[in-house]
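Computed from a predicted structure; not experimentally measured. Numbers here simply count residues along the sequence, with the first being 1.
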Amino acid sequence: MIDRQTWKLIQRYVTGNANAEEQRQLNIWLDQHPDNSKMVQEIKKIWKMTPEEDFDINVEGAWEQFQEQRMKKVGMHAVDHTARKPYDNMLYIFRVAAVILVTLFTGYLMQQFTADNSSDETVAEFPVMENMETGYGEKARVSFSDGTEVTLNSASSVRFPQKFNGSKREIYLDGEAYFKVAHDSNRPFIVHTQDARVQVLGTEFNIRGWAQDPSVEVVVRDGKVSVNSSELEKSEDVILTKGYSTNVRRGENPLPPQKVDIRNNILWLSGGFHFDNKPLNQVITDIERRFNVQVSVASTELLEVPYTGTFQYAELDEILSVIASSMDIGYRRDGSKVEFD
């Protein structure tokens, strides 16, 4: 039996709001039994397919109801499932789960709102969230309802409401994106990543921060932004202006502003690359994301060797050739597989 405090920790973790201490407490519980981790990961997958505003209430009761409803749904479609591949089965179940969870959570919220506002005729309005994702080798552009324009780099995703309501404009980023934020002095624009929180009124800036990366980098091309840690309850704010950047490492305050050449940081928009003393393993990760290839090295010692180089625009083979030559190593390419040796 899971106690209410543990459900609260699960809820905060899944919705990305758990602080360092809550994460530590949850990890202790997850290590107690493999089924604990399996259940939380399943909830997290379902969460990614549902609006966050609909998830932040009675996760314990909704999960129990969902389990019952899912079994009924699976039973009703048993004949169809026999013809599905294992991956399609799981995808189908999660889609069913998303529908059930949205219904359960939205119904609960509406019930609570009605009970608390029985004398008020105002109807609660919950944002409908959308998700834009890019695969390896892809880029995409999306415009929000307020006029903000976003360019999404390869292997990245952004979650945003169909329409911004209320006093803030909040979106959620995993990966790298360039923002041209429409100015609205009454509603700050806030970007949430796993490690950082960036707030602006209207400006142009770049955020680089995949969930698997150790830090988030923010660079301002025009205007002014405020950056703090999303994991610290009392994080220091760092103010960035045109031509300055900061890095936010997981669980730490942002580094002081540093003057940078903004052109290098946004070369990816025009198909270029800039590596500034970056370990080869990070260079490889960027190449894999951009060109949708798999890169390996014969010697793992090469992975930590720093590399510096700028490519205004180049094809994959040219980049590989320059890197190999400058590091005095060789490389072989067979279709989408590359090996440095």
request  = Any chance you could lay out the side chain to side chain donor-acceptor pair (under 3.5 Å) test for Asn228 and Glu236, step after step, and finish with the verdict?
outcome  = CA-CA 6 Å; Asn228 59 38; Glu236 297 177 2; over 6 Å; no

query = Knowing that exactly one of Val225, Asp146, Val198 qualifies, which makes a side chain to side chain contact (heavy atoms under 4.5 Å, CB included) with Phe189?
reply = Asp146

inquiry  = For the backbone of Thr151 and the side chain of Lys139, can you confirm whether one donor and one acceptor N or O come within less than 3.5 Å of each other?
reply    = no

ask   = Could Asp174 and Arg159 be called an ion pair, given the rule that one side-chain N must be under 4.0 Å from one carboxylate O?
value = no

query = Where do Met132 and Leu152 come nearest, in terms of heavy atoms and distance?
reply = O-CD2, 3.5 Å

message = Could you check whether any side-chain N or O of Ser156 sits under 3.5 Å from a backbone N or O of Ser154, counting only pairs where one atom can act as donor and the other as acceptor?
response = yes

ask   = Do Glu217 and Ser215 come within less than 4.5 Å of each other through their side chains, counting heavy atoms only?
value = no

note = Heavy-atom closest pair (Ser167 atom, Pro188 atom, distance to 0.1 Å) is O-CD, 3.4 Å

note = d(Leu30 CG, Gln25 CD) to nearest 0.5 Å is 12.0 Å

query = So with a 6.0 Å cut-off around CD of Glu233, is the heavy-atom count from everything else above 12?
reply = no

ask   = So Phe340 and Leu320, side-chain contact (heavy atoms from CB on, under 4.5 Å) or not? Walk me through it.
value = CA-CA 9 Å; Phe340 285 110; Leu320 295 174; 3.6 Å; yes

request  = Report, as yes or no, whether the 6.0 Å neighbourhood of atom CZ on Phe144 holds more than 12 heavy atoms from other residues, nucleotides or ligands.
outcome  = yes

ask   = What about Val305 and Leu303, same hydrophobic cluster or not, with Ile/Leu/Val/Met/Phe/Trp/Tyr joined at side-chain heavy-atom distances under 4.5 Å?
value = yes

request  = Look only at the side chain of Asn36 and the backbone of Trp29, and say whether a donor-acceptor pair between them is shorter than 3.5 Å.
outcome  = yes

inquiry  = We want to know whether Asn131 and Glu133 form a side-chain donor-acceptor pair, criterion being a heavy-atom distance below 3.5 angstrom.
reply    = yes

task = Answer yes if the side chains of Glu339 and Tyr331 hold a donor-acceptor pair under 3.5 Å, and no otherwise.
result = no

query = With a cut-off of 6.0 Å (strictly less than), are more than 12 heavy atoms of other residues, nucleotides or ligands near NZ of Lys278?
reply = yes

task = Side-chain contact test, heavy atoms from C-beta onward, threshold under 4.5 Å: evaluate it for Asp341 versus Val297 and give yes or no.
result = no

query = Do Asn253 and Ser235 have side-chain N/O donor and acceptor atoms under 3.5 Å apart?
reply = yes

request  = Identify the two heavy atoms, one from Pro257 and one from Leu240, that lie closest to each other, and give their separation to 0.1 Å.
outcome  = CB-CD2, 3.8 Å

message = Using the side-chain contact (heavy atoms from CB on, under 4.5 Å) criterion, which residues pair with Leu255? Sequence neighbours excluded.
response = Thr246, Asn247

request  = For side chain to side chain donor-acceptor pair (under 3.5 Å), just list the numbers for Glu204 and Tyr178, CA-CA rounded to whole Å, side-chain angles, deciding distance to a tenth of an Å, and then say yes or no.
outcome  = CA-CA 7 Å; Glu204 295 187 34; Tyr178 182 78; 2.5 Å; yes

query = When clusters are formed by joining ILVMFWY residues with side-chain heavy atoms under 4.5 Å apart, either directly or through shared neighbours, do Ile262 and Val220 land in the same one?
reply = no

task = Would you mind reporting whether Phe179 and Ile207 have side-chain heavy atoms less than 4.5 Å apart?
result = yes

message = In the structure I gave you, are the side-chain heavy atoms of Ile190 and Arg197 within less than 4.5 Å of one another anywhere?
response = yes

ask   = Between Arg187 and Asp184, is there a salt bridge with N-O shorter than 4.0 Å?
value = yes

inquiry  = Tell me whether Tyr136 shares a hydrophobic cluster with Val338, the cluster being built from Ile, Leu, Val, Met, Phe, Trp, Tyr side chains joined at under 4.5 Å.
reply    = no

note = By salt bridge (charged side-chain N to carboxylate O under 4.0 Å, His left out), Asp261 pairs with (sequence neighbours left out) Arg263

message = Between Leu302 and Val283, is there shared hydrophobic-cluster membership here, with clusters defined by ILVMFWY side-chain heavy atoms closer than 4.5 Å?
response = yes

message = Tell me whether the count of non-hydrogen atoms from other residues, nucleotides or ligands lying under 6.0 Å of NZ in Lys180 goes above 12.
response = no

task = Identify whether Leu280 and Phe291 are in the same connected component of the hydrophobic contact network (ILVMFWY, side-chain heavy atoms under 4.5 Å).
result = yes

task = Could you tell me the separation between the OG1 atom of Thr241 and the CZ atom of Phe205, rounded to the nearest 0.5 Å?
result = 14.5 Å

query = side-chain contact (heavy atoms from CB on, under 4.5 Å) between Ser226 and Asp237: does it pass, once the steps are laid out?
reply = CA-CA 6 Å; Ser226 172; Asp237 290 334; 3.9 Å; yes

Closest non-hydrogen atom pair, Ala182 against Arg169 = O-NH1, 2.8 Å

query = So, does Ser325 use its side chain to make a donor-acceptor pair with the main chain of Ser321 at under 3.5 Å?
reply = no

ask   = Under 3.5 Å, is there a donor-acceptor pair between the side chain of Ser143 and the main chain of Glu149?
value = no

request  = Would you indicate whether the side-chain heavy atoms of Val322 and Ile319 approach each other to under 4.5 Å?
outcome  = no

message = Does Asp31 have more than 12 heavy atoms from other residues, nucleotides or ligands lying within 6.0 Å of its CG?
response = yes

query = Rounded to the nearest 0.5 Å, how far does CG of Asn265 lie from CG of Asn206?
reply = 7.0 Å

remark   = Paired with Glu176, the salt bridge (charged side-chain N to carboxylate O under 4.0 Å, His left out) test is passed by just one of Arg289, Arg290, Arg208, namely Arg208

ask   = Distance-only, no hydrogens or angles: does the Thr134 side chain make a donor-acceptor pair with backbone N or O of Asn153 under 3.5 Å?
value = yes

task = Determine the minimum heavy-atom distance between Lys242 and Arg221, stating which atoms define it.
result = CG-O, 3.1 Å

request  = Rounded to the nearest 0.5 Å, what's the gap from OG1 on Thr148 to CZ on Phe164? Could you check?
outcome  = 6.0 Å

ask   = Are the side chain of Trp210 and the backbone of Val216 linked by a donor-acceptor contact shorter than 3.5 Å?
value = no

task = Carefully, step by step, assess Thr310 and Leu267 under the rule side-chain contact (heavy atoms from CB on, under 4.5 Å).
result = CA-CA 9 Å; Thr310 300; Leu267 266 179; 3.6 Å; yes

task = Would you mind checking if Asp195 and Arg249 are paired as a salt bridge, meaning a charged N to carboxylate O distance below 4.0 Å?
result = no

ask   = So how far is it from Ile171 CD1 to Met129 CE, rounded to the nearest 0.5 Å?
value = 9.0 Å

task = Give a yes or no on whether Gln32 atom CD has more than 12 heavy-atom contacts from other residues, nucleotides or ligands under 6.0 Å away.
result = yes

key: Nearest heavy-atom neighbours spanning Asp276 and His274   = CB-NE2, 3.7 Å

note = Rounding to 0.5 Å, atoms OG (Ser230) and CZ (Arg250) come to a distance of 9.0 Å

ask   = Got more than 12 heavy atoms from elsewhere within 6.0 Å of CD, Gln258?
value = no

inquiry  = For Phe273 and Asp286: C-alpha separation, side-chain torsions, deciding distance, then whether side-chain contact (heavy atoms from CB on, under 4.5 Å) applies.
reply    = CA-CA 9 Å; Phe273 274 120; Asp286 283 354; 3.9 Å; yes

message = Taking the six-membered ring for Trp, are Phe311 and Tyr313 closer than 6.0 Å centroid to centroid?
response = no

